[in-house]
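Written below as structure tokens is the structure these notes are about.
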Amino acid sequence: MRIALFATCFNDTMFPDTPRAVVTVLERLGHTVEFPVEQTCCGQLHVNTGYQREAIPLVRLFTDTFAGYDAIVAPSGSCVGMVREYHSRVAEVAGDPGLAAAVARVAPRVYEFSELLVDVLGVTDVGAYFPHRVTYHPTCHSLRMLKVGDRPLRLLRAVRGIDLIELPAAAECCGFGGTFALKNADVSVAMVGDKVRHVRDTGAEVLCAGDNSCLMHIGGALSRLRAGVRTLHLAEILAATEPAAADHVQVSDVEPIR
Amino acid sequence: MTATFLGTPAFPEAAKRALQDTQLRANLAHATATIRSKRAVVVGERPDWEELRLAGEALKDQVLRHLDTYLVQLEEKVTAAGGTVHWARDAAEANRIVVDLVRATGETEVVKVKSMATQETDLNGALETAGISAWETDLAELIVQLGHDQPSHILVPAIHRNRAEIREIFLAEMGKVGEPAPPDLPAEPRALAEAARRHLRQKFLRAKVGISGANFAVAETGSLVVVESEGNGRMCLTLPETLISVVGIEKVVPTFADLEVFLQLLPRSSTGERMNPYTSIWTGVTPGDGPQAFHLVLVDNGRTTSLADPVGRQALRCIRCSACLNVCPVYERTGGHAYGSVYPGPIGAILTPQLRGIESEIDKSLPYASSLCGACFEVCPVRIDIPEVLVHLRARVVDAERGGVPSAEELAMRSAAWMFGDHRRLESAQRAAGLGGRLFRRGRIGRLPFPFSKWTDARDAPVPPAESFRAWWRRTRGTRR
């Protein structure tokens with residue numbers, strides 16, 4: 001099976017440890033991962049802000065880049081949601097039946113990381129070790145658009161050493177919403193305030209999610225409050241192993257096992 | 001739509017003010033959480049809930065596809081049963097028809113059943129101008145009316161008020177327009193309801209004209225349906241000599257049997273009850289029983305414009321249950337007034353810009369009054385994909401602004417699209433970001449210039465890493481893809 005990594009522009013630029021962790025986990029499981037360098041952005045920023053026309057070339061670039069793969073994996077629920085739910089709409093706006101056909105071929109093969117592991121590769125224990133107190137925020141697009149359900153939690157429960165605490169009101173939005181966090185900053189902050197309260201109530205040391213955009217938002221509020229809670233993408237917890245922990249090596253410094 | 005909300009600032013400004021109202025925040029958090037959990041219980045006990053939602057969606061879509069046919073059929077049946085049907089293109093026409101009908105009776109007061117359609121047209125304002133007193137008889141609508149206030153929720157218009165505030169309104173206002181509240185009125189739900197009951201009784205017994213909306217209008221039989229909880233609707237629908245029902249054209253359902261689906265979906269979604277206490281169904285007039293004159297005013301007021309939009313038209317499936325308001329994290333914190341419309345919350349954010357257009361600041365800002373979390377779609381009993389319509393309307397707002405001098409946002413979006421148009425341009429930007437990141441040694445950014453100050457006012461921002469993922473890939477994997 002040819003697996004391509006769609007790192008997402010946001011992770012590629014701001015959180016490179018996350019796509020690296022995806023590579024680490026998949027290679028540890030014996031798979032080869034390819035990274036088509038032509039990839040850039042799924043167009044979510046533009047579509048969700050109303051700039052659908054600007055997203056047309058991005059959708060075209062995405063379908064061209066990933067056309068030849070059996071599975072495309074992205075460590076972001078919202079980017080996968082954009083591809084699967086909205087690329088067809090952008091193709092409609094473009095009035096391009098060729099693009100619509102290309103989207104129809106590629107989009108169903110795009111998986112969020114936990115979906116790829118559990119549904120496509122059939123694993124929940126990826127051999128991870130992470131001896132920390134962790135709580136998990138499901139993120140809206142993973143939960144309600146992709147309906148990943150408890151897949152991320154099943155993966156986390158299989159991690160050795162983990163102390164997994166349930167997050168109260170977990171399904172409630174953190175208030176990020178892309179440009180919503182700027183356009184409606186006051187409401188957004190009111191929402192993240194409650195999310196932070198719930199996170200702190202768990203006493204967790206690490207807040208985990210499948211989307212770094214939500215984690216940047218909650219993490220930004222936690223950091224401002226010097227809350228002593230760090231944020232970590234699901235992939236980075238799944239990439240952590242016992243030898244790495246024993247060497248006191250930070251997760252972010254772990255090189256993929258060849 | 002209505003004049004009463006004109007002058008509302010754009011949503012972010014209105015929301016900012018609402019967020020500072022601590023009483024409002026407390027009232028809303030309590031009330032929405034209560035209704036949310038009641039709904040979750042009664043929906044959870046139906047194993048066929050998803051099938052019911054699909055049926056509701058399919059029925060409403062069928063109605064919208066053949067709206068012309070069903071409306072003409074409805075008119076025929078209502079007329080055959082002794083009613084009179086009037087057609088109103090917009091709010092002004094609907095109000096004119098109703099004012100003329102009331103004037104023809106010679107009456108100067110009417111009693112009203114809670115109705116979103118007449119809120120939408122601001123019928124009460126039009127009646128007042130014509131010298132006719134309109135008395136709201138739903139408890140929450142009465143609180144809003146006596147408080148010289150605006151409704152802030154579809155189902156619970158006074159959700160922004162708590163019992164202490166209601167007591168003060170009753171004590172100050174009831175005596176001015178009818179039976180006063182007892183001076184020793186306690187802020188207890190039972191006592192407050194009793195004061196309202198006594199106040200309203202006089203009005204029920206005296207009124208010769210009743211005005212209602214309708215939850216459903218059955219094309220097959222010409223029957224109208226009102227569901228309610230307090231019995232005030234039943235009074236208004238049966239006691240007066242003349243009944244005028246103002247109904248949006250999308251409220252029609254094909255057959256009587258279709259009510260089976262909606263009378264299960266609506267109460268569970270709205271009040272969190274298995275069945276609402278009062279369901280009134282009437283067909284034209286019945287000699288010697290109830291109102292002897294019945295007028296149905298069918299209102300378009302922007303609905304056919306929405307119907308012409310293949311994505312936006314799903315908003316016309318709405319049965320006004322308000323489940324989307326109760327689960328919305330934005331609504332829960334801002335309340336309804338910030339939406340500048342009688343339709344607040346997620347459904348208001350997609351319905352109002354379609355009914356009123358996207359010219360005013362508030363209407364342009366409504367599609368953006370959402371984090372697109374999708375909780376609304378999940379609970380909608382007729383499966384309106386509200387996030388999809390929000391995104392669609394955002395594109396309409398942006399497209400309407402194109403052509404002039406581009407805004408800062410448009411320029412930023414265009415340059416972002418240019419950067420993402422080729423991976424080499426993205427790489428250049430990543431290198432620049434990585435270099436910029438070296439300026440921040442603490443691992444977090446506490447302050448950024450506008451518009452990013454909107455972020456850093458309350459949240460730290462991450463520092464761009466020295467090496468992007470793709471740079472790491474090239475360094476460690478060479479030219480291998």
Side-chain angles (χ1 to χ4, degrees), chain A residues 7 9 11-16 19-20 34-41 43 45-55 57-58 61 85-86 93 140-141 144-145 171-173 175-192 216-217 219-221 223-224 255-256, chain B residues 11-12 15-16 19 329-330 333-334 367-375 377-378 388 391-392 394-399 409-410 413-414 416-417 419-423 426 429-430 433 444 446 451-452 454-455 457-462 464-465 467-474 476-477 480-481:
Chain A
C9 65
N11 286 322
D12 180 7
T13 307
M14 295 300 298
F15 296 94
R20 283 170 65 176
E34 298 180 48
F35 178 74
V37 294
E38 292 80 9
Q39 66 179 276
T40 61
C41 168
L45 170 72
H46 290 92
V47 171
N48 281 358
T49 314
Y51 294 83
Q52 288 189 359
R53 290 186 208 167
E54 280 76 4
L58 304 184
L61 180 62
E85 299 292 321
Y86 282 95
V93 170
C140 300
H141 289 174
R144 286 181 276 262
M145 204 186 260
E172 196 167 290
C173 179
F176 174 62
T179 46
F180 174 80
L182 300 178
K183 282 176 178 284
N184 279 285
D186 293 285
V187 186
S188 170
V189 169
M191 288 163 70
V192 80
M216 175 177 74
H217 188 233
S223 161
R224 176 60 54 91
E255 285 288 327
Chain B
F11 184 82
K16 191 190 193 106
L19 289 167
V330 177
R333 288 167 180 81
T334 65
Y368 293 92
S370 164
S371 65
L372 303 177
C373 87
F377 178 29
E378 202 173 44
E388 179 188 34
V391 168
H392 168 72
R394 289 175 183 188
R396 266 181 48 190
V397 170
V398 166
D399 289 346
E409 180 188 278
E410 189 181 339
M413 286 292 167
R414 275 201 225 154
M419 179 185 69
F420 289 133
D422 189 302
H423 66 99
L426 174 59
Q430 286 172 336
R444 59 172 176 262
F452 301 104
K454 291 274 195 186
W455 178 281
D457 278 350
R459 297 153 289 202
D460 286 341
E467 186 178 51
S468 69
F469 173 78
R470 67 178 64 229
W472 170 82
W473 181 273
R474 189 182 296 109
T476 58
R477 309 294 171 107
R480 211 188 100 203
R481 288 179 69 85

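Letters A, B, ... mirror the listed sequences (proteins, then strands); counts begin at 1.
Between the CZ atom of B/Phe469 and the CG atom of A/Asn11 there is a distance of 9.5 Å, given to the nearest 0.5 Å. To the nearest 0.5 Å, atoms CG (B/Leu372) and CG (A/Asn48) are separated by 5.0 Å. A distance of 4.0 Å separates CZ of A/Arg53 from CG of B/Asp399, quoted to the nearest 0.5 Å. Rounding to the nearest 0.5 Å gives a distance of 10.5 Å between CZ of B/Phe11 and CG of A/Asp186. A distance of 5.0 Å separates OG1 of A/Thr13 from CG of B/Leu426, quoted to the nearest 0.5 Å. Distance check, rounded to the nearest 0.5 Å: CD of A/Glu54 to CG of A/Leu45 gives 10.5 Å.
Ranked by heavy-atom pairs under 4.5 Å with chain A, the list B/Arg394, B/Glu378, B/His392 is led by B/Arg394. Of the listed residues (B/Arg396, B/Lys454, B/Arg470), the greatest number of heavy-atom pairs within a distance under 4.5 Å of chain A belongs to B/Arg470. Counting heavy-atom pairs under 4.5 Å between each of A/Arg224, A/His141, A/Met14 and chain B puts A/Arg224 at the top. Heavy-atom pairs under 4.5 Å with chain A were tallied for B/Arg444, B/Glu388, B/Arg459, B/Gln430; the largest tally goes to B/Arg459. The greatest number of non-hydrogen atom pairs below 4.5 Å with chain B, out of A/Ala7, A/Gly43, A/Pro16, A/Ser188, is found for A/Pro16. Ranked by heavy-atom pairs under 4.5 Å with chain B, the list A/Val47, A/Thr49, A/Leu61, A/Val189 is led by A/Thr49. In terms of non-hydrogen atom pairs under 4.5 Å with chain A, the most contact-rich of B/Gly374, B/Pro367, B/Ala15 is B/Gly374. The candidate with the highest count of non-hydrogen atom pairs below 4.5 Å against chain A, out of B/Gly421, B/Cys373, B/Pro451, B/Ala433, is B/Cys373. Among B/Lys16, B/Glu410, B/Met419, B/His423, the residue with the largest count of heavy-atom pairs under 4.5 Å with chain A is B/His423.
Neither the backbone nor the side chain of A/Pro57 comes within less than 4.5 Å of any heavy atom of chain B. Residue contact with chain B, scored on non-hydrogen atoms closer than 4.5 Å, is absent for A/Glu85. Interface remark: A/Ala181 contributes backbone and side-chain atoms alike to the contact with chain B (heavy atom separation under 4.5 Å). With a 4.5 Å cut-off on non-hydrogen atoms, A/Met191 touches chain B through its backbone and its side chain both. Of the atoms belonging to B/Leu19, it is side-chain heavy atoms, and not backbone ones, that fall under 4.5 Å from chain A. Heavy-atom distances place the side chain of A/Leu58, and not its backbone, under 4.5 Å from chain B. Interface remark: B/Val397 contributes no atoms to any contact with chain A (heavy atom separation under 4.5 Å). Neither the backbone nor the side chain of B/Ala471 comes within less than 4.5 Å of any heavy atom in chain A. For A/Thr179, the part sitting under 4.5 Å from any heavy atom of chain B is the side chain, from C-beta outward, and nothing else. There is no contact between B/Ala461 and chain A, counting heavy-atom distances below 4.5 Å.
The aromatic rings of B/Trp473 and A/Phe35 sit tilted relative to each other, their planes meeting at an angle between 30° and 60°.
B/Tyr368 and A/Phe180 make their closest contact through O-CD1, 3.6 Å (heavy atoms, listed as atom of the first residue, atom of the second, distance). Of all non-hydrogen atoms in B/Val330 and B/Ser370, the two that sit nearest each other are CG2-CA, 4.3 Å.
Panel note: side chain B/Arg474, backbone A/Val37; no donor-acceptor pair is recorded below 3.5 Å.
For A/Tyr51 and B/Glu409, the side-chain atoms include at least one donor-acceptor pair closer than 3.5 Å.
The pair B/Arg333-A/Glu172 meets the salt-bridge criterion, since a charged nitrogen lies less than 4.0 angstrom from a carboxylate oxygen.
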